[in-house]
*Asks:* 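Sharing a structure here in structure tokens format.
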Amino acid sequence: MASFLGVYLPELFYVLCGLVCFDTAFRARKNKRAKAGTILFWTLTGLIFMLGKLLPSVVTGSMLVIMGCLTVTKQVSMGVFQEATPQFRKASSERIGSVIFLPALTVGVLSLVLSFVKYNVIKDGVATPTSLNGAIMTGTACVVALILAFAICRPKVSETREDTSRLLMQVGASCLLPQLLGALGSVFSEAGVGEVISGMISSVVPSGNRLLGVIVYVIGMVIFTMIMGNAFAAFTVITAGIGVPFVIAQGGNPAIIGVLGMTAGYCGTLMTPMAANFNIVPCAVLETKDQKWAVIKAQLPMALIMIVIHVILMMVLGF
């Protein structure tokens, strides 16, 4: 049971993601522009999802390089899809009403509920309570939401496939940024980037100055998150390089400093296009006029205010 939950079930959801990518590649045959590049891009994406644990790292890396080249050279196109008429949209809206939000809410609520589920992993005769894999939580919630969506909207399977491909093509290469940037954090940590940053900061920040240490830590989290697009990836590097030696070592409470350091990184998330799933994907899905900066412009003032608040909270609560 433990091996099924820990190894096989997560892979099942990755396989399902791969099948969706393959279906999108198949749909790309209808593209009028950049047909070959789009087919190749989504085929490679599907292979990485399905065979990621089986492929040698150098093969996966090479595939990602090819995908990056296809994106940079504009060989990945959305294609043309048949749009629903305004009359059909209005009639569907009146028929379904606000119940349409139930599947989306189900994803978040069910994922949260599953995060509290534990199962025992037995090693050397000792049972250790373990949380479900993130892929299991999100994947299960999405499958349940899909079933609810079918029950509520009663679409044709062909329509569902078409709209899924349209949405995935609309998001494009941005859908891969969270995974790539998350991996980049691990690479930076292994490469000792935190130690390098610590050495650079020690020559600038006077030892024992709590306020300056807190300011540098908060701003470092913000800037590094903006670069990497992921506060989790930045947290390990910046906390090891700045948070521990210049804040916690000066008497800061590790739990409070760590929590505020992480949320300070989220201020950077609000201000960067690298956080594609938050700031770029919504613009693409909603087809805003300013497809890259609309969300960031709206969030920027609040992000700057929250940076200052984090410095104050860290000084008041952290010591």
Side-chain angles (χ1 to χ4, degrees), residues 108 171 174-175 177-182 184-185 188-189 193-194 196-319:
V171 174
S174 298
C175 68
L177 271 179
Q179 297 94 309
L180 295 176
L181 293 171
L184 185 61
F188 277 19
S189 180
V193 174
V196 174
I197 292 175
S198 178
M200 294 170 59
I201 297 299
S202 63
S203 62
V204 179
V205 179
S207 177
N209 191 320
R210 290 180 177 179
L211 176 59
L212 200 53
V214 165
I215 292 174
V216 171
Y217 179 44
V218 169
I219 293 178
M221 276 298 302
V222 170
I223 294 175
F224 219 68
T225 299
M226 291 178 68
I227 294 171
M228 304 184 71
N230 189 315
F232 288 97
F235 181 76
T236 304
V237 176
I238 298 301
T239 300
I242 302 176
V244 172
F246 297 101
V247 182
I248 296 175
Q250 306 301 326
N253 184 308
I256 295 175
I257 298 300
V259 169
L260 289 173
M262 176 66 80
T263 53
Y266 295 148
C267 297
T269 302
L270 297 174
M271 300 187 291
T272 176
M274 296 300 286
N277 50 332
F278 295 110
N279 301 332
I280 302 302
V281 170
C283 293
V285 172
L286 298 174
E287 298 179 355
T288 58
K289 291 182 179 179
D290 189 350
Q291 288 215 354
K292 181 174 285 189
W293 304 107
V295 173
I296 294 175
K297 288 178 180 177
Q299 296 172 162
L300 185 60
M302 182 56 68
L304 295 175
I305 293 171
M306 290 304 298
I307 291 172
V308 176
I309 291 175
H310 271 82
V311 172
I312 296 172
L313 288 176
M314 201 173 286
M315 287 299 299
V316 173
L317 302 177
F319 294 94

*Asks:* For C267 and I307, which heavy atoms make the closest approach, and how far apart are they?
*Replies:*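 Nearest heavy atoms, C267 then I307: CB-CG1, 3.8 Å.
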*Asks:* For G258 versus F235, what's the shortest heavy-atom pair and its separation?
*Replies:*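 Looking at all heavy atoms of both residues, the shortest contact is O-CE1, 3.3 Å.
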*Asks:* Run the side-chain donor-acceptor check on residues 240-253: report pairs under 3.5 Å with partners two or more places apart or on a different chain.
*Replies:*
residue : atom : partner : partner atom : Å
N253    : OD1  : A255    : N            : 3.0
N253    : OD1  : I256    : N            : 3.3

*Asks:* Does some side-chain heavy atom of V308 sit less than 4.5 Å from a side-chain heavy atom of L304?
*Replies:* no
*Asks:* Minimum heavy-atom separation for G318 to I257, with atom names?
*Replies:* CA-CD1, 3.9 Å
*Asks:* Given side chains that start at C-beta, do those of T239 and Y217 come closer than 4.5 Å, heavy atoms only?
*Replies:*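 Result yes, sub-4.5 Å side-chain heavy-atom pair found.
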*Asks:* Work out which heavy atom in G268 is nearest to a heavy atom in M226; give both atom names and the distance.
*Replies:* O-CG, 3.4 Å
*Asks:* Which residue, M315, M221, M314, forms the side-chain contact (heavy atoms from CB on, under 4.5 Å) with L260?
*Replies:* M314
*Asks:* Could you tell me whether the side chain of N279 and the main chain of T272 form a donor-acceptor pair under 3.5 Å?
*Replies:* yes
*Asks:* Just grab all the side-chain hydrogen bond (donor to acceptor under 3.5 Å, both in side chains) pairs involving residues 300-319, residues at least two apart or on different chains.
*Replies:*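 Qualifying pairs: T263-H310.
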*Asks:* Output the distance between atom CD1 (I296) and atom CE (M271), rounded to the nearest 0.5 Å.
*Replies:*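 That separation rounds to 9.5 Å.
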*Asks:* Looking only at heavy atoms, which two atoms of G265 and T225 are closest? And how far apart?
*Replies:*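 Looking at all heavy atoms of both residues, the closest pair is O-CG2, 3.1 Å.
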*Asks:* When rounded to the nearest 0.5 angstrom, what is the spacing between CE in M262 and CD1 in I238?
*Replies:* 12.0 Å
